[in-house]
Structures are given as C-alpha cells and as structure tokens.
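Excluded from the calculations below are hydrogen atoms, water molecules and symmetry mates; all remaining heavy atoms, backbone and side chain alike, are included. Residue numbers count from 1 along this sequence.
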Amino acid sequence: MVTLDEIEKQIAEQKKTVDYDTREFTIEYIVNKYLENIDTDDNEIFVPDYQREFTWDEERQSKFIESIILDLPVPLIFLAETQSGRLEIVDGSQRIRTVAAFLQNDLTLCGLLNLTYINGLRFCELAKSRQRKIKNTSLKTIVLRDDTTERVKNDIFERINRGSDPLYAMEKRKGIF
C-alpha cells in the first residue's frame with residue numbers, strides 16, 4: 001500500500017515538471033508576433049504541428065470578437081517558450097487566428113445577438129477609437145518555460161481540449177437561463 005508521504009512526494013515531483021509565468025499581451029502585440037515572418041515559418045508566436053487545423057466558422061469567430069468588445073472574460077492562452085525564444089501556441093490557436101483574421105479585415109462579423117449593429121462589419125469599418133480599444137485589449141497568457149518537455153505540453157493541450165464532456169442540449173439551455 002502506498003503511504004501518504006509517498007503520495008505527497010509524487011505530487012511534489014510532478015509539480016516540478018511545470019515551470020511557467022503569467023503575462024498579459026495586447027491583441028495587437030499577439031497578432032503582430034503571430035503574423036510577422038509567418039510565410040518563412042519564423043514568426044515569434046507560432047502554431048506547432050500537433051495543433052489542429054483552423055476549425056472555427058465565421059459565427060463562432062464573430063462571437064469571440066464580440067466577447068472581446070464587450071470586455072467579457074475569455075479563456076487563457078497557453079504558450080511555451082522554445083529554446084530559440086519563439087513562443088509555441090499550446091492552447092489558443094483558434095482565438096489567435098481569429099483576432100489576426102479580424103485585424104486583417106478577413107473576417108466579417110455575423111450572427112451576433114448582442115451587438116447586432118456590427119453584424120456585416122469588418123475591423124476597418126469600426127470607428128478608429130473602437131479599433132484602438134480592440135488592439136489594446138490584453139489577453140492573459142500562461143507562458144511555459146523553455147525547459148518544459150513535449151510530454152508536459154501535450155498533456156496540457158489534451159487536458160484543456162479533451163478534458164470535459166460536451167454539454168447536452170438541456171445543460172446548455174439551463175446555462176443560458
């Protein structure tokens with residue numbers, strides 16, 4: 001039988017495998033670091049091979065942008081520092097790609113139920129003051145240190161993306177009300 005001391009020792013050892021800090025980056029900073037040198041695969045914030053392809057439709061992207069405009073809480077972005085100093089996206093690639101598409105005017109907002117007046121608009125069609133507010137919005141990030149193992153990165157990715165069961169229709173209705 002395993003002792004309580006052995007359990008605590010195992011917990012302590014496993015916690016040592018994850019070293020990180022919390023940072024806040026503006027949307028403008030994240031998008032610039034994601035897009036700059038993307039063609040040569042030398043962008044400072046990049047999507048690693050294990051990440052899934054971009055899957056969000058325009059309505060889901062629009063709702064994420066609406067959340068940003070309304071200052072609603074959005075999930076943390078998880079990045080991992082590489083030995084070369086680049087930041088690998090562990091979780092948040094759909095969100096980063098969405099804000100990049102919006103700032104580049106490649107996304108036309110649609111399906112919004114709260115901010116109905118901006119349906120059909122692109123970033124460039126918003127007031128300059130609103131554009132600045134969006135670009136200056138901070139996104140909270142967890143940055144894993146460069147000595148984080150691939151196993152730990154993949155484990156975090158799996159836990160975040162596959163760790164919960166999808167909501168049943170009844171649960172969604174209950175949550176809405």
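- Contact check for V143 versus T22: no side-chain heavy atoms found under the 4.5 Å cut-off.
- The CD1 atom of I69 sits 8.5 Å away from atom OG1 of T137, with the distance rounded to the nearest 0.5 Å.
- Taking both residues in full, the closest heavy atoms of N136 and E28 are given as OD1-OE1, 4.4 Å, listed atom of the first, atom of the second, then distance.
- A single hydrophobic cluster is seen to contain both L70 and L107, as judged by linkage of ILVMFWY side chains at heavy-atom distances under 4.5 Å, directly or through other members.
- The hydrophobic cluster containing I142 does not contain I45, counting ILVMFWY residues as joined when their side-chain heavy atoms lie under 4.5 angstrom apart, directly or transitively.
- Under the 3.5 Å distance criterion, the side-chain polar atoms of S62 are matched with a main-chain donor or acceptor of C110.
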Cut-off 3.5 Å, no hydrogens considered: what does the side-chain donor-acceptor table look like for residues 118-130, sequence neighbours left out?
from	atom 1	to	atom 2	distance (Å)
N119	OD1	G111	N	3.2
N119	OD1	L112	N	2.9
N119	ND2	L112	O	3.0
N119	ND2	T116	O	3.4
E125	OE1	R122	N	2.6

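- Between I27 and K135, every side-chain heavy-atom pair lies at or beyond the 4.5 Å cut-off.
- With sequence neighbours excluded, no residue satisfies salt bridge (Lys or Arg N to Asp or Glu O under 4.0 Å) with R60.
- Within a 6.0 Å radius of CD in Q10, other residues, nucleotides and ligands contribute 12 heavy atoms or fewer.
- With a 4.5 Å cut-off between side-chain heavy atoms of Ile, Leu, Val, Met, Phe, Trp and Tyr, the cluster of Y117 takes in none.
- Hydrophobic clustering (side-chain heavy atoms under 4.5 Å, transitive across Ile, Leu, Val, Met, Phe, Trp, Tyr) keeps I30 apart from V90.
- Placement of I68 and L35 within a single hydrophobic cluster is found when ILVMFWY residues are connected by side-chain heavy-atom separations under 4.5 Å, directly or transitively.
- Under the side chain to side chain donor-acceptor pair (under 3.5 Å) criterion, E59 pairs with K63, not counting sequence neighbours.
- In this structure, the side chains of Y34 and V47 come closer than 4.5 Å at one or more pairs of heavy atoms.
- A donor-acceptor pair is defined here as one N or O able to donate and one able to accept, closer than 3.5 Å; such a pair exists between the side chain of Q94 and the backbone of T55.
- Between I65 atom CD1 and E58 atom CD the span is 11.5 Å, to the nearest 0.5 Å.
- Residue pairs that meet the side chain to side chain donor-acceptor pair (under 3.5 Å) test with at least one member in residues 64-86, sequence neighbours left out, are N43-R86, T82-S84.
- Taking CG of D146 as the reference point, atom CG of L87 lies at 10.5 Å (rounded to 0.5 Å).
- Rounding to the nearest 0.5 Å gives a distance of 8.5 Å between CG of L139 and CD of E24.
- L144 has its side chain out of reach of D19: every pair of non-hydrogen atoms, C-beta onward, lies at least 4.5 Å apart.
- In this structure, F46 and E88 have side chains that are in contact, with non-hydrogen atoms separated by less than 4.5 Å.
- Considering only residues two or more places apart in sequence or on other chains, F64 meets the ring pair (Phe, Tyr, Trp, His ring centres under 6.0 Å) condition with W56.
- At least one side-chain heavy atom of Q61 sits less than 4.5 Å from a side-chain heavy atom of F54.
- Here I11 sits in one hydrophobic cluster together with V2, L4, I7; the rule is ILVMFWY side chains under 4.5 Å apart, joined directly or through other members.
- E44 pairs by the side chain to side chain donor-acceptor pair (under 3.5 Å) definition with K33, not counting sequence neighbours.
- Listed by chain and number, the residues in a side chain to side chain donor-acceptor pair (under 3.5 Å) with E6 are T3 (sequence neighbours excluded).
- Residues D91 and I77 are not in side-chain contact: their nearest non-hydrogen atoms beyond the backbone lie 4.5 Å or more apart.
- Within a 6.0 Å sphere centred on CG of D39, heavy atoms belonging to other residues, nucleotides or ligands number 12 at most.
- With sequence neighbours left out, the side chain to side chain donor-acceptor pair (under 3.5 Å) criterion links E150 to K153.
- T141 has its side chain out of reach of L76: every pair of non-hydrogen atoms, C-beta onward, lies at least 4.5 Å apart.
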query: Does the side chain to side chain contact (heavy atoms under 4.5 Å, CB included) test come out yes or no for L109 and F102, once each step is laid out?
result: CA-CA 9 Å; L109 299 174; F102 188 59; 3.8 Å; yes

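- Take Y29 and apply the ring pair (Phe, Tyr, Trp, His ring centres under 6.0 Å) test, not counting sequence neighbours, and it matches F25.
- In this structure P75 satisfies the side chain to side chain contact (heavy atoms under 4.5 Å, CB included) test together with R95, sequence neighbours excluded.
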